[in-house]
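We name chains A, B, ... by the order of the sequence lines, and we start the count at 1 in each one. If you're wondering where the values come from, they're calculated on a predicted model, not measured in any experiment.
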Amino acid sequence: MAPLTPAIGVWGLVTGVAMVNAGLTVPIALLVTFTVYAGSAQLATLPLLAAGAPLPVVWVTALLVNLRFVIFAAASRKAFVRLPLRQRLVAGYLNGDLGFALFSRRFGDVGEHGTPEQFGYFYGCAGINWLAWQVASVAGILLGNLAPTDWGLDLGAVLALVAVIIPMAQRFPAVAGVVVTVVCSVLTVGMPMRLGLLVSVLAGVGVAVAAEAWREPRTAAPPAGRGAFAEGQR
Amino acid sequence: MAPLHDWAYLVTAVAGLTVVTVLTRGSFFMLPASVSLPERVERALRYAPACALAAIVTPTVLTRDHHLYLAWDNYQLWAVLAATGVFLLRRNMLVMMVVGMAVFTALRLLG
């Protein structure tokens, strides 16, 4: 976990700077970082908030970006299902990309689930992740507030998202899906209420699923978190 | 810039975004053990995040005023292409961001 802390720090810093540079005031940016706690969704919804997009579009976009967490939750639930409701909520809230990747790498194949060792490891990683993320985000928010906006720091948000997309799109179906999404996004950019975004995502996902069925008809899906997302951050 | 000072809009948006985080991350921790994720659904879910992020980035980088914008003075585009190349080679987010920023700044100052 410790060697990964600088990576979390960079990512948090970029997100903090990007939020302020997009025009969020410092109190709102702080509110976002302490509540939403999902970097890609925060960065992805920024341009929508800046444009005053309808709230359902903002929320559905975050939902799409966060759908990977549904897979993470399904893959790591065995360790957590017997906990009381409130603890399950907390564990779920903390089950981000990095924590999940480390946890499933270490305990993915064990026979016994929900041991004290597993909880210690999970909450240890989650705590370090949370702290590093929040410290870096707050620093980014305060720094971004000082820097002039024409330095191209909002480009940082775009670059950070590209760095998230690339590790997710390593195999043919995902690459095909992303390419189709990009083309559709250009074609549908004029649609009202940013609906082009949803249309493009549906087209991209459809093509990716079809490409997988065509190219890799009988290959079993790799365990979630080890393939597509292992390198991705949040 | 008006919407960004609309507190009611922003606070409602943030509240909804927090609910989305909790619902997605906690989804299968909350559901009864008998409910599982069908493989077909998982396949589709696996591709949605990358596509959603691509759909967000594309209009910023590739369009202006609702039209394709492939021009020499689209500095963001060249910066993103350079940064993508660096990331594919080095797999280092910090290096790729520094290169992207540097290309953007150089083009802006020279262009």
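Taking CG from A:L24 and CG from B:L10, the interatomic distance works out to 6.5 Å, rounded to the nearest 0.5 Å. How far CG of A:L159 is from OG1 of B:T84: 7.5 Å, rounded to the nearest 0.5 Å. Taking CZ of B:F29 as the reference point, atom CG of A:L83 lies at 9.0 Å (rounded to 0.5 Å). Taken from CG in B:L94 to CG in A:L13, the straight-line distance is 9.5 Å, to the nearest 0.5 Å. Rounded to the nearest 0.5 angstrom, A:L67 CG and B:Y47 OH are separated by 14.5 Å.
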Applying side chain to side chain contact (heavy atoms under 4.5 Å, CB included), run through A:I166 and B:R91 and close with a yes or a no. CA-CA 9 Å; A:I166 293 173; B:R91 293 287 157 159; 4.1 Å; yes
Given the rule in the side chain to side chain contact (heavy atoms under 4.5 Å, CB included) test, do B:T21 and A:Y93 qualify, once you have shown the distances and angles that lead to the verdict? CA-CA 7 Å; B:T21 301; A:Y93 183 68; 4.0 Å; yes
Please walk me through it: do A:V32 and B:L17 pass side chain to side chain contact (heavy atoms under 4.5 Å, CB included)? CA-CA 9 Å; A:V32 170; B:L17 291 174; 5.8 Å; no
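Within the 4.5 Å cutoff, side-chain heavy atoms of A:V36 are placed close to those of B:V14. The shortest distance between side-chain heavy atoms of B:R25 and A:F72 does not fall below 4.5 Å. In this structure the side chain of B:L23 never reaches within 4.5 angstrom of the side chain of A:V70, judged on heavy atoms. Inter-residue side-chain proximity for B:R46 and A:M168 is flagged as unmet; no heavy-atom pair is nearer than 4.5 Å. Using a 4.5 Å heavy-atom threshold, the side chains of A:V58 and B:Y9 count as touching. Taking 4.5 Å as the limit, every side-chain heavy atom of A:V209 sits out of range of all side-chain heavy atoms of B:R40. The shortest distance between side-chain heavy atoms of A:T61 and B:I56 falls below 4.5 Å. Considering only heavy atoms from C-beta on, A:F69 stays 4.5 Å or farther from B:S27 through its side chain.
Between the side chain of A:R68 and the main chain of B:P49, no donor-acceptor pair closer than 3.5 Å is present. Between the side chain of A:W59 and the main chain of B:V20, no donor-acceptor pair closer than 3.5 Å is present. Counting only distance, with no hydrogens or angles, the side chain of A:Y37 and the backbone of B:T18 share no donor-acceptor pair below 3.5 Å.
Looking at A:V205, A:I165, A:V207, A:V180 one by one, the single match for side chain to side chain contact (heavy atoms under 4.5 Å, CB included) with B:C51 turns out to be A:V205. Shown are A:V158, A:L161, A:L155; of these, the side chain to side chain contact (heavy atoms under 4.5 Å, CB included) with B:T60 is made only by A:V158.
Contacts of A:P27 with chain B are made by side-chain atoms alone, with heavy-atom separations under 4.5 Å and no backbone atom involved. Both the backbone and the side chain of A:A91 come within contact range of chain B, with heavy atoms under 4.5 Å apart. Heavy atoms closer than 4.5 Å to chain B are found in the side chain of A:T45, but not in its backbone. With a 4.5 angstrom heavy-atom cutoff, B:V80 touches chain A via backbone and side-chain atoms both. For B:V57, the part lying under 4.5 angstrom from a heavy atom of chain A is the side chain only. Heavy atoms closer than 4.5 Å to chain A are found in the side chain of B:L37, but not in its backbone. If you measure heavy-atom distances from B:T63 to chain A, the contacts under 4.5 Å come from the side chain alone. Residue contact with chain A, scored on non-hydrogen atoms closer than 4.5 Å, involves the backbone and the side chain of B:L31 alike. Of the atoms belonging to A:L198, not a single heavy atom falls under 4.5 Å from chain B.
The residue among A:V81, A:L197, A:I28 with the most heavy atom pairs within less than 4.5 Å of chain B is A:I28. Annotation: maximal heavy-atom pairing with chain B below 4.5 Å, among A:A74, A:A160, A:A62, occurs at A:A74. Between chain B and the options A:N95, A:L187, A:L48, the largest number of non-hydrogen pairs under 4.5 Å is found for A:N95. Residue with the most contacts toward chain B among A:G204, A:S200, A:A44: A:A44 (heavy-atom pairs, distance under 4.5 Å).
Here the closest heavy-atom approach between residue A:G190 and residue B:H66 is recorded as CA-ND1, 3.6 Å. Closest approach of A:L49 and B:L4 over heavy atoms only: O-CD2, 3.7 Å. Between A:V14 and B:M97, the shortest heavy-atom distance links the atoms CG2-CE, 3.4 Å. Among all heavy-atom pairs drawn from A:S185 and B:A55, the shortest one is OG-CA, 3.5 Å.
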